[in-house]
Amino acid sequence: MDGNHITYSLGDDGRRYFTNADLADMVEQGLIDPDDRWELIRGEWFDMPSESFEHMDVRTVLHMIFSAALKWPTEYRVSSEGSFFLSHDTELRPDLAIYRADVGTNEMSGTDLFLVAEVMKTSQRRDKTLKAPIYAEVNVPELWLIDLDANTITVMRDPSNGKYRSETTVNSDHLLSALNFPEISISLDMLRGQSDGAPTR
């Protein structure tokens, strides 16, 4: 692999900072496996934690519920762990993202996303302190933080100046609907298969 190289910027703190273009070049050169699980957050590379069975189960059911409810053909697309380029140095892979079907992910802005959800098992700090402000900055209207350890869902809405002005945490048995999809009601217990109820529409 002669001639292959890693491009980055060196910050004042001595850390290496990357852009989306840097990582795309490295994937093309074969230096990065495109199937590896990682995110780029404000220029910093983060390996995504290994996915637990519980995390995968909840993420899969969440995706299935919204995919089934928003039947094809529809004006929406439902993604799980797809790449979203929210700035020149930020590529996030949320556990659930519902976005406009007529906009490519490489052209997307935050307002093209209707709902983002992050399922948290070992990633609470990253999702709450690093990623939530980015979603707010680009005006994603609603973010769900599904905490499998705390057994809660935190709903963040009304982004303004890099913060969500509304934040509500509900227990696992609480029926929850997104602002843009009020006809779909779910709970964390449903996502875990611990409720006899079914998502409503």
Side-chain angles (χ1 to χ4, degrees), residues 37-42 44-69 78-84 86 90-99 110 113-201:
R37 302 179 74 248
W38 49 267
E39 292 180 303
L40 188 65
I41 303 177
R42 301 191 194 279
E44 290 193 70
W45 169 298
F46 289 87
D47 287 316
M48 296 174 69
S50 297
E51 187 173 32
S52 67
F53 291 118
E54 182 183 22
H55 184 285
M56 183 177 68
D57 289 344
V58 169
R59 175 176 62 82
T60 300
V61 172
L62 182 67
H63 182 264
M64 289 174 62
I65 288 172
F66 279 99
S67 295
V78 184
S79 169
S80 181
E81 291 198 342
S83 293
F84 291 87
L86 299 183
T90 297
E91 177 182 348
L92 303 183
R93 302 186 186 191
D95 291 297
L96 177 82
I98 303 176
Y99 60 98
L113 288 151
F114 298 99
L115 173 66
V116 168
E118 297 284 0
V119 180
M120 306 183 302
K121 182 64 177 176
T122 59
S123 61
Q124 283 88 342
R125 177 184 173 277
R126 183 187 305 177
D127 292 336
K128 290 178 180 179
T129 64
L130 299 182
K131 294 171 69 172
I134 293 173
Y135 290 129
E137 285 172 12
V138 299
N139 293 309
V140 173
E142 184 165 3
L143 170 64
W144 290 2
L145 299 177
I146 302 172
D147 193 327
L148 301 182
D149 293 320
N151 211 27
T152 60
I153 299 178
T154 297
V155 180
M156 308 181 81
R157 295 171 175 165
D158 195 13
S160 178
N161 298 320
K163 296 181 179 180
Y164 284 101
R165 292 189 290 188
S166 172
E167 181 175 331
T168 304
T169 299
V170 300
N171 294 324
S172 63
D173 59 351
H174 182 91
L175 282 175
L176 179 65
S177 297
L179 287 174
N180 284 292
F181 310 103
E183 71 279 14
I184 305 170
S185 297
I186 64 172
S187 69
L188 180 50
D189 284 347
M190 286 181 186
L191 297 178
R192 283 181 154 144
Q194 296 175 351
S195 169
D196 293 332
T200 60
R201 179 174 169 81

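Evaluation of the ring-ring contact (aromatic ring centres under 6.0 Å, His included) rule for Tyr135 yields no partner, not counting sequence neighbours. Residues satisfying the salt bridge (Lys or Arg N to Asp or Glu O under 4.0 Å) test with Asp149, not counting sequence neighbours, are Lys121. The ring-ring contact (aromatic ring centres under 6.0 Å, His included) check on Phe181 picks up Tyr76, with sequence neighbours excluded. With sequence neighbours excluded, the residues satisfying side-chain hydrogen bond (donor to acceptor under 3.5 Å, both in side chains) with Glu39 are Lys131. Scanning for side-chain hydrogen bond (donor to acceptor under 3.5 Å, both in side chains) contacts around Glu167 gives an empty result, with sequence neighbours left out.
The local environment of CG in Asp47 is crowded, with over 12 non-hydrogen atoms from other residues, nucleotides or ligands closer than 6.0 Å.
Using a cutoff of 4.0 Å between basic side-chain nitrogens and carboxylate oxygens, Arg157 and Glu142 are scored as salt-bridged. Ion pairing between a basic and an acidic side chain is recognised when a charged N comes within 4.0 Å of a carboxylate O; Glu118 and Arg126 show no such pairing. In summary, Arg42 and Glu44 do not engage in a salt bridge, as defined by a charged side-chain N under 4.0 Å from a carboxylate O.
Side-chain atoms of Asp147 and Gln124 form a donor-acceptor pair, as typed in the model, at a separation below 3.5 Å. Remark: the Ser172 side chain and the Asp189 side chain contain an N/O donor-acceptor pair separated by less than 3.5 Å.
Remark: of the listed residues Val119, Leu188, Leu176, Val170, Leu176 is the sole one forming a side-chain contact (heavy atoms from CB on, under 4.5 Å) with Trp144.
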Could you list the donor-acceptor pairs under 3.5 angstrom formed by side chains in residues 60-69, with sequence neighbours left out?
residue	atom	partner	partner atom	Å
Thr60	OG1	Met56	O	2.7
His63	NE2	Val78	O	3.3
Ser67	OG	His63	O	2.8

